[in-house]
Number of protein chains: 2
Amino acid sequence: MYIHSVSHYLPTEVVGNEHFTQLNGLSNEWIIERTGIEKRRKAASGENTNTMAVEVTRRLQDKTDLSTVDLIVGATYTPYDTIVSLAHEVQHHLGIADIPVVSVSTACSSLLNAIEVAEGYFALNKATRALVIVSEHNTAYNNEQDKVSGHLWGDGAAALLITKERQSEGDLAIKGLLTGGAAHTPKATTGVMMKPMDGGVTMPHGRDVFINACQYMPKATQQILDRCGMTLADVDYVLPHQANLRISRNVMNTLGLPESKLISNIERLGNTGCAGCAIALSEQWDTFQKGQRIVITVFGGGYSYGAMLVEV
Amino acid sequence: MYIHSVSHYLPTEVVGNEHFTQLNGLSNEWIIERTGIEKRRKAASGENTNTMAVEVTRRLQDKTDLSTVDLIVGATYTPYDTIVSLAHEVQHHLGIADIPVVSVSTACSSLLNAIEVAEGYFALNKATRALVIVSEHNTAYNNEQDKVSGHLWGDGAAALLITKERQSEGDLAIKGLLTGGAAHTPKATTGVMMKPMDGGVTMPHGRDVFINACQYMPKATQQILDRCGMTLADVDYVLPHQANLRISRNVMNTLGLPESKLISNIERLGNTGCAGCAIALSEQWDTFQKGQRIVITVFGGGYSYGAMLVEV
């Protein structure tokens, strides 16, 4: 399984920390110290999860032929429409008839859940070229006034063409992929929630989310390396879920890897949910060197987690 | 792949057609003539997609051991929480650690999408015992006043234990399964929608939904039979998505099958979304005879469709 191409989209409006200082008194310094976030993007009126999904698809079409896509997997926890899901909106845009189309909703980890769903279709010989789209419209459901988590979220989207067979020299080979639910832990189902009819995004137990994110991402990273017969010495970059720069640094510290191997965009984009890692992959794509290995590891509410090892 | 066991749950409150006569003037006769629906269930205050998912899981636990479940796939388009998805809520209830947990949102067709996702995990050897849960809380997002579609919807849930290998003589063997998106059709993305932040469930193009449902379900039924080397003569029952009794009858008519082979619960339950077929399967489970074959065929907004052939 290979990542042949990736694109991303960020809304144009930039929201700096001073916006929250005015709203609820949180200072720029306090937000940066606690989260690393300096600014984030906000979708314009009329933009939503589905429009951003179509936009990243257009951008991927500029790079690669999508006319033979035979599976579309969408992912979001901030849906514009749960019936006409982002995957369906993209099928409509592409005009490709009668291929499997499914959207998943597995919090911030669902980039890897979506790729694992595609991996399953490949194993079944029901698909060979999957378009995976991650899109989050956090600001639609976020309460900016909320001092606990209102300042964390940003909007954005990314699209990846995942293929069963290698398409070109530049493809990223997916060497291993695992996902897991960690909802068995005591506060998993109340740590961070997104109830469309009851308050939107809330984070009553941010500390528990923080602790579990710091534990699960290094553990999943180690697991996927073990499965691939590799060690941390084989890893050039770690791309963790972009939730909080302190979590990312904690993950690197636990793994014993230097911060120079950390890929991060949270400073500029905030927590863009399940889109964060894919946006970062798109942003960094041209900088990767042949032979380099990157672990993408995710953690999300629910809880949910995963890790994927890719090789350039 | 086998269906080992199935359970269902229906809220206790029954809403008859007279409720809509009072609300918006639609008569009992008019609703029955147009939809076949006589009554539907409504979740109580405090009930939601996640509580119903846990309840059907409890009921399945009364029938079969779920302690070795190694995959949970949830499905809904009426989510209570998109981060703590119904699949995560169920993992929390079961207390099973570190198994893949994912929820899908693919409208009324997502029972089959969810089973196909499980089929993929089986093919990857990443799971062998999947708990699939379908749960819909339509009344949370429905506008009862809406004369077009307000009277169509009901609440309910079902759970299925799907296993890679046969567990017992009574298992239903899944002989073939296909799903597809039909979002390429002109009105697919505006026919029926569920926008949590913008009006909930609406159906601006009910006629287009009706026509496509009547076309896609027979077509998918024929396709799955072809793939399994069978014909309509081999089919004992057809269980279509429970959207409208006129659609179900139209499907049987197109297939040239008598109404005695139709499984239907829409008269009593209304459109329970992606839960409808699974509820019917649970209701009818004990009536099936060894050797009988049932085609479950679904159609949903987006559009999306699928068919599955099972053999007792």
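Throughout, protein chains are lettered first and strands after them, A, B, ... in sequence-line order, and every chain is numbered starting at 1. Keep in mind the model is a prediction, meaning the values are calculated, not measured.
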Checklist entry - Would A/H184 and B/V101 count as a side chain to side chain contact (heavy atoms under 4.5 Å, CB included) if you check the C-alpha gap in whole Å, the side-chain angles of each, and the deciding distance to 0.1 Å? => result CA-CA 11 Å; A/H184 61 289; B/V101 175; over 6 Å; no
Do you know which of [options] has the most heavy-atom pairs under 4.5 Å to chain A?
options	answer
B/G95, B/A123, B/G200	B/A123
B/H93, B/E89, B/E119	B/E119
B/T106, B/T76, B/D81	B/D81
B/I72, B/V73, B/V192, B/V201	B/V192

Hey, what do you get for [atom1] ([X]) to [atom2] ([Y]), rounding to the nearest 0.5 Å?
X	Y	atom1	atom2	answer
A/T190	B/H92	OG1	NE2	7.0 Å
A/L124	B/E116	CG	CD	7.0 Å
A/T82	B/M194	OG1	CE	3.5 Å

Item to check | Working for side chain to side chain contact (heavy atoms under 4.5 Å, CB included), residues B/Q91 and A/T189 | outcome: CA-CA 10 Å; B/Q91 184 192 18; A/T189 56; over 6 Å; no
Checklist entry - Is the number of heavy atoms from other residues, nucleotides or ligands within 6.0 Å of NZ (B/K175) greater than 12? => result no
What part of [X] gets within 4.5 angstrom of chain A, counting heavy atoms only: side chain, backbone, both, or neither?
X	answer
B/Y216	side chain
B/L86	neither
B/S85	side chain

Choice from [options] maximising heavy atom contacts with chain B below 4.5 Å:
options	answer
A/S304, A/A114, A/P100, A/P186	A/P100
A/V90, A/V117, A/D98	A/D98
A/P196, A/G301, A/G180, A/G306	A/P196
A/S103, A/A75, A/A107, A/G120	A/S103

Can you tell which part of [X] gets under 4.5 Å to a heavy atom of chain B, answering side chain, backbone, both or neither?
X	value
A/Y305	side chain
A/D198	side chain
A/T185	backbone
A/T179	both

Next on the checklist: Any non-hydrogen side-chain atom of B/I83 less than 4.5 Å from a side-chain atom of A/M193?
Outcome noted: no
Checklist entry - Does some side-chain heavy atom of A/K195 sit less than 4.5 Å from a side-chain heavy atom of B/V84? => result no
